[in-house]
Amino acid sequence: MESAEGLINDNPRKPKVVVVMGATGTGKSRLAIDLASFFPAEIINADSMQVYEGLDVLTNKVHFEDRRGVPHHLLGTISANVDFTSKDFRDMAIPFIDDISSRNRLPIIVGGTNYYIQALVSPFLLDESIKDMEDCLPDVVLTLGQWVLLQKIYSRNFDVFSDDFDSSYDLLKQLDPLAANRIHPNDHRKVNQYLKLYASSGILPSKLFQENALKEWGRADNLRYDCCFIWVDASLPVLDKFVDQRVDIMVGTGLLEEVYDIYKPNADYTRGLQQAIGVREFEHFLRSYLLNSEACNFSHCDEHGCTSGSGSPISTNVCDEMLKAKLRTILVTEETNLKILLTEAIDKMKLNTRRLVRRQRRRLHRLRTFFGWDIHYVDATEAFVCKSGDATWMKQVVEPCVTVIKSFIDNNASKAKLEHSEMSASRDLWTRYVCEACGNRILRGSHEWEQHKKGRGHRKRILSLRKNMSQMRWIEGYANGTAQTGVVNKFVG
């Protein structure tokens, strides 16, 4: 450790940073803590939900005793009601990195929120670079219709922008269809950001991104730090099984009680901790649970004139505690409407978590492909399925990562090589593809489209469609007296 410590920050202009990435459930936090036993390190959390106070079980925060004395930063420190953006993360993480590096220790960034990490390691960020971009772009000539839209945007109060999400997205579609196609209509934060960008600069968001942002943001040869990226992963079937099991464990260790405490009818699930998977999914169940007069032994709390069996008033807090205490018992009762709703909510949380795993993996592939990040891939599948899990984890995951980091600290790690001709061709992030065979699924960029076409599900649907179309053609030919028996055998034989 002493020899490594002396070399960690040999280039003070670009501090060395280790970034542990991966999908949810792959063991990123565990790996970071294990690595800290080999290097003088401190951990900076880059999970967009774990930064918030509360929901420790649901967001799977590392327990204090499990941190093994390793300092953790930005873990459970942000108010649950604050909208903590990638800019906020960057602005708070940079001083931590500077401080850790100044003490000749190794900052380890850990988390599955890849846009946090991109914002941190890239010297370019949208909100602070508009002025610079304007200088790099040619004069923009707006059509009369765009000027009218610009006036509409100027007339808006951005502090209450969220009051009319649908019209905001429609406005963006009229203004800049290319930018609108790049984001989901329900991504209210991004819609507002694009409109604010246009109002402040008079330049179309798609123009800014195509002319400048894609050239600068997150490029492997233009990073803020000297980064060693590690991607810990496992096979999807193994991860799916693990995610389902982990949700069941969460339910048994306080998840329902946490969600009960944060529940608010008609909450805004696009801000703060309310965005976490496992909050919105239980809304329907909790609404029915609280409206069900059989949820507790009382008719209701003293707020509604509730009394106990002895006739004495029951306080709201006592009633809440009673309601929380009965949540988990619903799962072991006979089949009731509440049990059905609760089971559906748990299943939906599992499904959405599995979907998150796939999105996170796709984004990591994109960082490799589009931005040329030299990401060291570590497969932890065997550690998940092997009975001697701890020993396998150490041999298959921790030890290879230690070797990579030692080489990185010694300046022998391979540098990311970015072929600009290939990058310009592969960075097609703005083209929108629609796969009709897969229910009009929308894909962003040629890389995502090519990957989708190679997927097993897509290929099975295409094969099925071709088979059905051929059968239809044969039936039509049979009706016209021109069918060939050999064609029938091909599809039914």
Side-chain angles (χ1 to χ4, degrees), residues 1 4-22 28-29 31-52 61-62 67-78 84-129 216-232 367 371 373-376 401-402 404-411 413 415-416:
M1 181 182 296
E5 183 173 355
L7 291 171
I8 286 178
N9 297 305
D10 58 326
N11 184 357
R13 291 177 299 175
K14 260 195 174 184
K16 291 183 181 292
V17 173
V18 171
V19 183
V20 178
M21 313 167 78
K28 299 182 296 295
S29 298
L31 173 59
I33 293 171
D34 287 338
L35 292 175
S37 65
F38 291 86
F39 306 96
E42 297 184 23
I43 293 172
I44 299 174
N45 168 57
D47 184 291
S48 62
M49 294 298 106
Q50 290 186 0
V51 297
Y52 291 110
K61 292 190 182 79
V62 182
R67 299 176 195 175
R68 306 209 298 259
V70 180
H72 282 62
H73 307 281
L74 291 178
L75 185 63
T77 58
I78 307 300
F84 195 70
T85 66
S86 56
K87 177 183 182 302
D88 296 326
F89 171 77
R90 180 205 62 176
D91 291 347
M92 293 190 71
I94 287 175
F96 282 123
I97 293 175
D98 292 343
D99 176 60
I100 295 169
S101 300
S102 70
R103 292 184 276 109
N104 212 25
R105 299 177 69 81
L106 182 66
I108 301 180
I109 316 298
V110 182
T113 307
N114 297 320
Y115 63 88
Y116 271 18
I117 295 171
Q118 279 182 277
L120 175 63
V121 302
S122 174
F124 167 85
L125 196 66
L126 179 67
D127 58 347
E128 66 180 14
S129 304
E216 299 295 334
W217 193 57
R219 257 174 44 180
D221 59 351
N222 190 30
L223 298 182
R224 184 191 305 272
Y225 301 108
D226 186 5
C227 297
C228 176
F229 297 106
I230 294 175
W231 175 3
V232 58
L367 289 174
F371 298 104
W373 286 18
D374 184 17
I375 304 178
H376 300 276
C401 291
V402 170
V404 167
I405 295 173
K406 283 182 177 179
S407 179
F408 165 70
I409 291 175
D410 292 337
N411 286 322
K415 301 296 181 181

So which atom in Pro107 and which in Ser101 form the shortest heavy-atom distance, rounded to 0.1 Å?
CG-OG, 3.6 Å
Any idea which heavy atoms bring Gly111 and Ile117 closest together, and the distance?
O-CD1, 3.8 Å
Please examine the side chains of Asp47 and Lys28, heavy atoms only from C-beta on, and report whether any two atoms are closer than 4.5 Å.
no
State which residues pass side chain to side chain donor-acceptor pair (under 3.5 Å) with His72; sequence neighbours excluded, sorted by chain then number.
none
Where Ile44 and Ala93 come nearest, the two heavy atoms and their spacing:
CD1-O, 4.2 Å
Do Asp410 and Lys406 meet the salt-bridge criterion of a basic N to acidic O distance under 4.0 Å?
no
If every non-hydrogen atom of Tyr52 is compared with every non-hydrogen atom of Lys61, which pair is closest and at what distance?
O-NZ, 3.0 Å
OH of Tyr225 to CG of Asp98: how many Å apart, nearest 0.5 Å?
5.5 Å
Supply the atom-to-atom distance Leu120 CG to Ile94 CD1, rounded to the nearest 0.5 angstrom.
6.0 Å
Could you check if a side-chain atom of Ile405 sits within less than 4.5 angstrom of a side-chain atom of Ile230, using non-hydrogen atoms only?
yes
Find out whether Asn45 and Thr77 are in side-chain contact, i.e. whether some heavy atom of one side chain is under 4.5 Å from a heavy atom of the other.
no
Does a donor on one side chain sit under 3.5 Å from an acceptor on the other, for Thr85 and Asp88?
yes
Is there a side-chain contact between Ile100 and His73 in this structure, where contact means two heavy atoms from C-beta onward sitting under 4.5 Å apart?
yes
Roughly how far, to the nearest 0.5 Å, is CD1 of Ile78 from CD of Gln50?
13.0 Å
Return the orientation label for the Phe84 and Phe89 ring planes: parallel under 30°, perpendicular over 60°, tilted otherwise.
perpendicular
Of the non-hydrogen atoms in Ser48 and Thr113, which two are nearest, and what is the gap between them?
N-OG1, 2.8 Å
Under 3.5 Å donor-acceptor, Arg105 side chain and Glu42 backbone
no
Specify the closest pair of heavy atoms between Val62 and Ser29, including all atoms of both residues, with the distance to one decimal.
CG2-CB, 3.5 Å
Flag side-chain contact, heavy atom, 4.5 Å: Tyr116 against Leu74:
no
Apply the test side-chain contact (heavy atoms from CB on, under 4.5 Å) to residues Ile109 and Ile97: give CA-CA distance (whole Å), side-chain angles for both, the deciding distance (0.1 Å), then the verdict.
CA-CA 9 Å; Ile109 316 298; Ile97 293 175; 4.0 Å; yes
Taking the side chain as every heavy atom from C-beta outward, state whether Phe408 and His376 have any atom pair closer than 4.5 Å.
no
With sequence neighbours excluded, tell me which residues meet salt bridge (charged side-chain N to carboxylate O under 4.0 Å, His left out) with Asp34.
Arg68
Here the gap from Cys401 atom SG to Leu31 atom CG, rounded to the nearest 0.5 Å, amounts to 4.5 Å
Does Val20 form a side-chain contact (heavy atoms from CB on, under 4.5 Å) with Leu35? I'd like the steps, not just the answer.
CA-CA 10 Å; Val20 178; Leu35 292 175; 4.3 Å; yes
I want to check something: taking the side chain as every heavy atom from C-beta on, are Phe39 and Ile409 in contact at a cut-off of under 4.5 Å?
yes
Once rounded to the nearest 0.5 Å, what's the spacing between atom CD1 of Ile375 and atom CE of Met21?
5.0 Å
CD of Gln118 to CG of Leu367: how many Å apart, nearest 0.5 Å?
4.5 Å
Beyond-backbone contact of Arg67 with Leu75, side-chain heavy atoms, under 4.5 angstrom
yes
